[in-house]
Amino acid sequence: MTDTSNDISVGSLNDLQNINNSQRLNILRDAFQAYFKREPTFFVNVPGRVNLIGEHIDYCGYPVLPMAVEQSILLAAAPSDDRILHITNTNERYKSTECAVDAINIKVPENAIPPEWYNYFLCGVKGIYDELPNGKQCGMYVTVSGNIPPAAGLSSSSALVSAATLATSFVNEFSLNKTTLADISAKCERYIGTQGGGMDQAIAFLAVEGCAQYIEWEPLTATSTNLPSNAYFVIANSLTRANKAATSDFNQRVIECRLACRILAKSANLPWRELERFAMLQKRLKCSLADFEAFADRILTQDLYSRDDIIGVLEVDENEFENQLLTPNTKHLEKFKLRQRAMHVIQEALRVAQFREVATKSGNVEDLGKLMRESHFSLNELYECSHENLNRLVDISDRFGVSARLTGAGWGGCIVAICDSLESSSKYINELKEKYFKHSPDYDESDADNVVFVTNPQRGAAIYLNPQ
Ligand code: ADP
Ligand code: NG1
C-alpha cells in the first residue's frame, strides 16, 4: 500500500496487525489494559529511519536521503478526562510517569546524564499543546512499545517524539497534515536541548513504502526516490550507544557550521546575523555548490579558530558571542573547527546530489557504494563524529568488498552498507558476525536479527483505531 497523500492515514487494527508482529501488539495491548484498566481507543505507529547519505547537513539546509525502517515506536492510547498525562512503557527499564497537562516541565540534561525517556514524549505533547488555545488541552493514557535500538542513530528519539505529537493531536481532535506534524515534531524535539535539522521527523511522517525520500527544506518536501532493484541495504549496530542529548558533541557541530556560515556571509558583505545555514547563504550568493566550496576554501583558512578569532572577524562582543551565537551547552567551548565542518557539509551535499542521480539513472551499486564510503571518510576525518567501533565495521566491510558508512549522528550507533544482491548481503552479514560481533561482549546471538539485518523502505507514521 503506497500512501503519498499529505493526510495522516487512519487504519484499522487489522491493518496494524499486517505491519507489526501480533505478539508485540498483544503485549502492548495487555500492558495498557493491565495498567489503566481500560481499552486503548487507538494506536500510533512511527518508524525509525536509516539515512542512506547526507549526514549532518539537514541543519545546514541541504537535502538528505533517508528511508523508514521496520523498527518503530508503537503506542496504545486513550483520552483521559482528568487533564493528566499517564505515560507508561512495556519495557520496565523505562519508568512510568504522570504529569498534569498544564505543568509540563522538560528536563534538559546536565553533566552527561541522558534525559529520562518520558521527556522525549513530553516534547511531542508540548509541541501540540503550544498550538492549542490555553485550557483546551486534553489528558491521555499512553503505553509505549519501542523496538528501534535506542541511541544507535536509527532515530528512536524522534520516532518517540513524533508518536507523541501524533497521539496528542489525535486525542485533542486537532487534525494536522504530515508536513505540519513533521515541522512541529522537529521544532519540539529541540526542547530536549539538541538542535537537530528535521530529517528524522520528516521521514517519520513522509516515508513511503518501497522507496527512499529526497527531503528538501523551506518548504519541507519529500520526493520518492527509487533505489536500484539489486541494491540491498544492510544495517549493522556497533552496539556502542551514543545519547545525543547527554553531551555537547552534536550541538558543537551545529554551532561550528553556523559560525562558519556567518563568517562567510560577513566576508561577502551580507547581513550575517540573518544567515546561519550554508544553504541559505549559497542561495543568496546565487552560486553552485562547487563555487560555494571554493569560496569556503578561500575564506576559512585556519585549522582552528579561537573565540577571540571569531569575535574579531564578526566584530561582536563576548556577550553577543556567548548568548546569541552559542547554545546553553556549548558556552564553554574555546576552539572551533570551522573549515573542516564547512568542507564536510558542502562536499556531502554534493554527494547527495550525485547519489540521487546515480540511483535514479544508471543504478550502479558500485558507484553508490563509492559515495557512501567517501561520506564515511569525511564524517570520520572532517566531522570527527565516528567511533573506533564504527570504523572497525567499515574497515571489515571494505576488506570484504562492501561499501559502508556510519548513519545518523554517529559517535556510536549503526553503519549502513550497500550490497548488490541478496546472496551477497547474507554472506556479508556472516562476515560481520565472524569478524566483529562474535568478538563483542555486548552481542547476544539470539538477538542477531535486530543487530545486523537487511532493511527495506517502510511507510511513515499512521493511526490505527481500536473498535470499542
Ligand atoms: P537515537 O539515535 O536512537 O535517536 P538518541 O540519543 O537521540 O538516539 O535518543 C535515545 C533515547 O530515546 C533513549 O535514551 C530513550 O530515552 C529514548 N527512547 C528510545 N527508544 C525508546 C523506547 N522504546 N521507550 C522509551 N524511550 C525510548
Ligand atoms: P540521530 O541519529 O537521530 O540523533 C541526528 C539529528 C538529525 C541529523 C543527524 C545527522 C536530531 C533529533 N536528529 O540524528 O537531524 O542532523 O543527527 O545527520 O537531532
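Each ligand, and each atom within it, is numbered from 1 in the order the structure gives.
- Below 4.0 Å from some heavy atom of G146 lie the following atoms of ligand 1, by number and element: 23 (N).
- No donor-acceptor pair closer than 3.5 Å links the side chain of E189 to the backbone N or O of Y120.
- The single protein non-hydrogen atom nearest to atom 4 (O) of ligand 2 is K244 CE, 2.9 Å, given as residue, atom name and distance.
- The pair K433-E445 does not count as a salt bridge, with every side-chain nitrogen at least 4.0 angstrom from each carboxylate oxygen.
- For the pair G153 and ligand 1, the shortest N or O to N or O distance falls below 3.5 Å.
- A side-chain donor-acceptor contact under 3.5 Å links T165 to the backbone of V161.
- Looking only at protein heavy atoms, the nearest one to atom 13 (N) of ligand 2 is D200 OD2, 2.7 Å.
- Classification of D297 and R339 as a salt-bridged pair holds, one side-chain N sitting under 4.0 Å from a carboxylate O.
- For ligand 1, the polar-atom distance check against K244 finds a nitrogen or oxygen pair separated by under 3.5 Å.
- Salt bridge K337/D303: absent, no basic N to carboxylate O contact under 4.0 Å.
- Shortest contact from atom 1 (P) of ligand 2 to any protein heavy atom: R49 NH2, 3.5 Å.
- In terms of protein heavy atoms, atom 16 (O) of ligand 2 is closest to D58 OD1, 2.7 Å.
- The residue from S155, C414, P150, A246 that puts a heavy atom closest to atom 13 (C) of ligand 1 is P150.
- Distances below 4.0 Å separate heavy atoms of A242 from the following atoms of ligand 1: 6 (O).
- Considering F278, F250, Y62 in turn, F250 is the only one that fulfils the ring-ring contact (aromatic ring centres under 6.0 Å, His included) rule with H56.
- With ligand atoms numbered from 1 in the order given, ligand 2 contributes 15 (O) to contacts under 4.0 Å with heavy atoms of G198.
- Note on ligand 2: A186 sits outside its first shell, no heavy atom being nearer than 4.0 Å.
- In this structure a side-chain-to-backbone donor-acceptor pair under 3.5 Å is missing from S378 to S375.
- The shortest contact between atom 9 (C) of ligand 2 and any protein heavy atom is with M199 CE, 3.9 Å.
- Of all protein heavy atoms, the one lying nearest to atom 5 (C) of ligand 2 is F250 CE1, 3.6 Å.
- Every atom of ligand 1 with a heavy atom of A152 under 4.0 Å away is listed here by number and element: 2 (O), 3 (O).
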Practice prompt. Any chance you could lay out the ring pair (Phe, Tyr, Trp, His ring centres under 6.0 Å) test for Y443 and F437, step after step, and finish with the verdict?
Written response: CA-CA 6 Å; Y443 177 59; F437 290 107; 5.3 Å; yes
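- Under 4.0 Å is where a charged nitrogen must lie from a carboxylate oxygen, and between K370 and E374 at least one such pair does.
- Considering backbone and side-chain atoms alike, N243 places an N or O below 3.5 Å from some N or O of ligand 1.
- Here's the thing with E116: none of its N/O atoms is less than 3.5 angstrom from an N/O atom of ligand 1.
- Using a non-hydrogen distance threshold of 4.0 Å, G197 registers as a contact of ligand 2.
- Those atoms of ligand 2 with a heavy atom of E55 less than 4.0 angstrom away are 10 (C), 18 (O).
- Looking only at heavy atoms of the protein, atom 2 (O) of ligand 2 is closest to A409 N, 2.9 Å.
- Under a 4.0 Å N-O distance rule, the pair E276/R262 qualifies as a salt bridge.
- Annotation: S156 places an N or O atom under 3.5 Å from an N or O atom of ligand 1; distance criterion only.
- By the 4.5 Å heavy-atom criterion applied to side chains, N6 and T179 are counted as neighbours.
- In this structure, E384 does not pair ionically with R253, as no charged nitrogen and carboxylate oxygen lie closer than 4.0 Å.
- Residue contacts with ligand 1 for A159 are absent, since no atom lies close enough (heavy atoms, distance under 4.0 Å).
- Counting heavy atoms closer than 4.0 Å to ligand 1, residue L160 contributes side-chain atoms (C-beta onward) but none from N, CA, C or O.
- In this structure, R38 is positioned above the aromatic face of Y141, its NZ or CZ under 6.0 Å from the six-membered ring centre and within 45° of the axis.
- For atom 19 (O) of ligand 2, the closest non-hydrogen atom on the protein side is G196 CA, 3.2 Å.
- Distances shorter than 4.0 angstrom do not occur between any heavy atom of Q195 and any atom of ligand 2.
- At a 4.0 Å heavy-atom cut-off, ligand 1 touches Y94 through the side chain alone.
- Which parts of ligand 1 touch N89 is read off a 4.0 Å heavy-atom cut-off, strictly below it: atoms 24 (N), 25 (C).
- One finds a salt bridge joining D130 and K126 here, because a Lys/Arg side-chain nitrogen approaches an Asp/Glu carboxylate oxygen to under 4.0 Å.
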